[in-house]
2 protein chains.
Amino acid sequence: MKDRMTPAVRMTGHTQRGQCAKRMSILDAAADVFCRQGFAGASIDEIAAVACVSRQTIYNHYREKETLFVAVVEDVMNRANAMLFSVLSTFPDRADNLEDELTAFAVRLNKNCICNHDGKFLRKLVQTEGERYPHLFESWRQQGPGKLTTALSALFGRLAHKGALAIDDFDVAARQFVALGNADLQMMILLGGTPTDEELEKAARNAVHTFLKAYGRTEAEKAGHPAQLAAISG
Amino acid sequence: MKDRMTPAVRMTGHTQRGQCAKRMSILDAAADVFCRQGFAGASIDEIAAVACVSRQTIYNHYREKETLFVAVVEDVMNRANAMLFSVLSTFPDRADNLEDELTAFAVRLNKNCICNHDGKFLRKLVQTEGERYPHLFESWRQQGPGKLTTALSALFGRLAHKGALAIDDFDVAARQFVALGNADLQMMILLGGTPTDEELEKAARNAVHTFLKAYGRTEAEKAGHPAQLAAISG
DNA sequence: GTAAAATTAGACGCCATTGTCTAAAACGTC
DNA sequence: GACGTTTTAGACAATGGCGTCTAATTTTAC
C-alpha cells in the first residue's frame, strides 16, 4: 500500500530525468507492441524487451497491463492533439493563391496528423479496443476528429465570408475536405503504410482541385460581389 | 493422419445438411468473436458457446484456430464480394435524374457493402491482423476496394461519354465518389456503429450534391455538346 | 563514501487457453 | 432395432502470460 512515488518530490533533476527517460522508453515500446499485437496479443515481456527494460520496472511504473495501456493511449492522444492544433494554426487565411495554399495545408494535415505514427496508432487502436474502453476513446473522438471538423468548419466559414468560397454547409464542407484529402490514400491508411511525399502531394492536389470545383468561386463571381471582400478586410 | 471427411461422399442429403449447418453456425460465431476480440483475444471456448456447439466439433471441422480464422475470412470475403458485385450492377446508366439515381446508388453501396456486417468485419480484421496474414488480405484489397474503384471508374467513364459528367481522371473521380460517400459516416464507421436510413440518405445526398457540383455538367454545357449524347445513344 | 532509491534477473504461483483423447450420447440410415 | 457417423462433455498435459516476490546490482543524492 505504500506509495512509491512520494519520495520523488524530494528528488532533484537527475533521478527524475532518469525515471522520465525510462517511462518514455516504456511508453514508446508499449505503443509499438500494442499497435502491432493489440491489447490481448501484446505481452509485457515483449514490451520490456523492446524498451530495453526489466519487466519488473514496468510493473513498478504502471501497476498492471491495463494501466499501462491507458497511459499509452493518453500519451499518444496528447501528442496527436498538440500536433493537430499546430497544423490547424497554419490554415490559410488569405484568399489569394487559394488552391496552392489549401493543397499545402492538406499535405500538412495528412502527413503530420493522419498518416503519421500517432495517427495510425490511434486509428488502429480505436478500431481494435474502442468498444472495450469507451470512455478513453470518446475523448479521442471529441478532441481528435471532432475538433478537426469543427475547427475546419470555422476556418472555411472565414474564407467564405471573405468571398473566396461558396459554401452552404460549413460542417459538411469540412468533412468533405478531409474525406477528399484521404480519398487517394484510403488503402494505404487502412493497411498501415506510409505514403511518400509525392503521393501526399498528388493526393492533396486531387482533393483540393475537386473541392474548389465544388466550392470555389470563379473570378467573375468574386468580381460580382466585391462587398464581401471589403466587409471583412475593412 | 486419417482423413475424417472421406466418408462424407457416401452421405445423403440430411447428414450433409446437418454438417453444413454446423459449419455455418461455427463460421458465424467465429466471425462474431474474432471481430470483437481479435485473433489473439478470441477463445475457442467462447466461439463454441456462441455457436452452441461443442469445442471438439470445431476441432473436427477446422483443425486448429488459425485454420478456422482463415476459413472465416474467406467466407466473409466471398459474401462481401458477391454483394459488391450485385450492388455495382445497379449503377445508373441513364443520364436523366442523375442526382437522385447516384444518391440511391451511394445509399445502396454504403448500406450493403461498407456499413453492413461483413464490411465492418473485413475493415476491422484487415487493420487488426492484416500484417500477420498478408496473402489473405491482399486478395481482399484487390477484390474488394480495388475492384470497387476500377469498376466505378469504368461506370463513370460510361456516364461521361454520354455527356452527363465532365471528368478528367476517372480513377480519381471513383475514389472521390466513395470518399465523399463516407465523409459524413467516417466516425460511425471507425467506431463500428450502424447508421440509420436517414443518416445514410443524408450522407449520400451531401456526397452526390458535392460530387455533381465538381463533375456535373450544366444544362447549358449539355446543350452545347449534344453530339456526345447522340454519339452513344445512336 | 554512504545511504536511499531504482533497476534487474530470475523464480514462483496462478490462471486461461490450446489441442488431444476417451467414453458416452444423439442422430440418421437401412 | 442395428449400425456407422457425428456430436458431446469432460478430463488431460502443455504452453504461455500475468503479476508477485526476493535478492543482488546499479544508479543517484549528498
Side-chain angles (χ1 to χ4, degrees), chain A residues 1-27 29-30 33-34 36-72 129 132, chain B residues 1-27 29-30 33-34 36-72 129 132:
Chain A
M1 284 305 170
K2 47 197 161 186
D3 184 355
R4 290 187 176 86
M5 294 290 102
T6 31
V9 281
R10 281 183 159 275
M11 282 171 191
T12 47
H14 279 130
T15 303
Q16 280 207 13
R17 225 180 294 150
Q19 281 198 352
C20 196
K22 292 275 178 203
R23 286 180 82 96
M24 291 197 312
S25 168
I26 293 171
L27 283 181
V33 176
F34 278 136
R36 275 190 289 108
Q37 318 269 16
F39 179 80
S43 88
I44 300 282
D45 284 324
E46 185 178 355
I47 294 172
V50 173
C52 296
V53 146
S54 142
R55 180 176 65 250
Q56 185 60 37
T57 302
I58 296 182
Y59 283 107
N60 285 346
H61 286 276
Y62 310 93
R63 198 165 34 81
E64 55 186 1
K65 195 180 179 185
E66 185 158 332
T67 315
L68 173 60
F69 179 72
V70 172
V72 167
E129 318 290 348
R132 209 181 309 280
Chain B
M1 285 302 171
K2 46 198 162 184
D3 185 355
R4 291 186 175 86
M5 293 290 102
T6 31
V9 281
R10 280 185 159 274
M11 282 171 191
T12 47
H14 278 132
T15 305
Q16 279 205 11
R17 227 180 291 151
Q19 279 198 352
C20 196
K22 291 274 179 205
R23 285 180 83 95
M24 291 198 311
S25 168
I26 292 171
L27 283 180
V33 177
F34 278 135
R36 274 190 290 109
Q37 318 269 17
F39 179 79
S43 88
I44 300 283
D45 282 325
E46 185 178 355
I47 294 173
V50 174
C52 295
V53 144
S54 145
R55 181 176 66 249
Q56 184 61 37
T57 302
I58 295 181
Y59 282 107
N60 286 346
H61 285 277
Y62 310 92
R63 199 165 34 81
E64 55 186 2
K65 196 180 179 184
E66 186 157 332
T67 315
L68 172 61
F69 178 72
V70 172
V72 167
E129 318 289 348
R132 208 181 310 280

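Letters go in sequence order (proteins before strands), and every chain restarts at 1. The structure presented is a predicted model; accordingly, all values stated were derived computationally and were not measured.
Counting only heavy atoms from C-beta outward, the side chains of Y62(A) and I44(A) never approach each other to under 4.5 Å.
Contact annotation: T57(A) side-chain N/O to dT7(C) OP1/OP2 distance is not under 4.0 Å. For H61(B), a side-chain nitrogen or oxygen approaches OP1 or OP2 of dT7(D) to under 4.0 Å. Look at K22(B) and you won't find any side-chain N or O under 4.0 angstrom from OP1 or OP2 of dC27(C).
When the side-chain hydrogen bond (donor to acceptor under 3.5 Å, both in side chains) test is applied to Q37(A), the partners found at least two apart in sequence or on another chain are E46(A), R132(B).
Summarising the geometry of I47(B) relative to I26(B), their closest heavy-atom pair is CG2-O, 4.3 Å, with the distance given to 0.1 Å. The minimum heavy-atom distance linking A51(A) with S25(A) is given by the pair O-OG, 3.0 Å. The two atoms that bring A40(B) and G41(A) nearest to each other are CB-CA, 3.7 Å, heavy atoms only. Scanning both residues, A48(B) and S54(B), for their nearest heavy atoms gives CB-C, 4.1 Å.
The CG-P distance, from N60(A) to dA4(C), rounds to 19 Å in whole Å.
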Can you name the atoms? Protein N/O to nucleotides 15-19 of chain D N/O, anything below 3.5 Å, with the distance.
residue: dC18(D); atom: OP1; partner: A42(A); partner atom: O; Å: 3.2
residue: dC18(D); atom: OP1; partner: I44(A); partner atom: N; Å: 3.4
residue: dC18(D); atom: OP1; partner: K65(A); partner atom: NZ; Å: 3.1
residue: dC18(D); atom: OP2; partner: I44(A); partner atom: N; Å: 3.0
residue: dG19(D); atom: OP2; partner: K65(A); partner atom: N; Å: 3.1

Pick out the pairs of N or O atoms, protein on one side and nucleotides 22-27 of chain D on the other, that lie under 3.5 Å.
none

Just the table, please: protein N/O against nucleotides 24-26 of chain C N/O, every pair under 3.5 Å.
none

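Of the inter-residue distances, the one linking N60(A) atom CG with R23(A) atom CZ reads 10.5 Å to the nearest 0.5 angstrom.
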May I have the list of side-chain donor-acceptor pairs in residues 63-72 of chain B shorter than 3.5 Å, sequence neighbours left out?
residue: K65(B); atom: NZ; partner: F39(B); partner atom: O; Å: 2.9
residue: K65(B); atom: NZ; partner: A42(B); partner atom: O; Å: 2.7

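One end of the helix from dG1(C)-dC30(D) to dC30(C)-dG1(D) points its axis 30° away from the other end's axis, with each axis taken from 5 pairs and the angle rounded to 10°.
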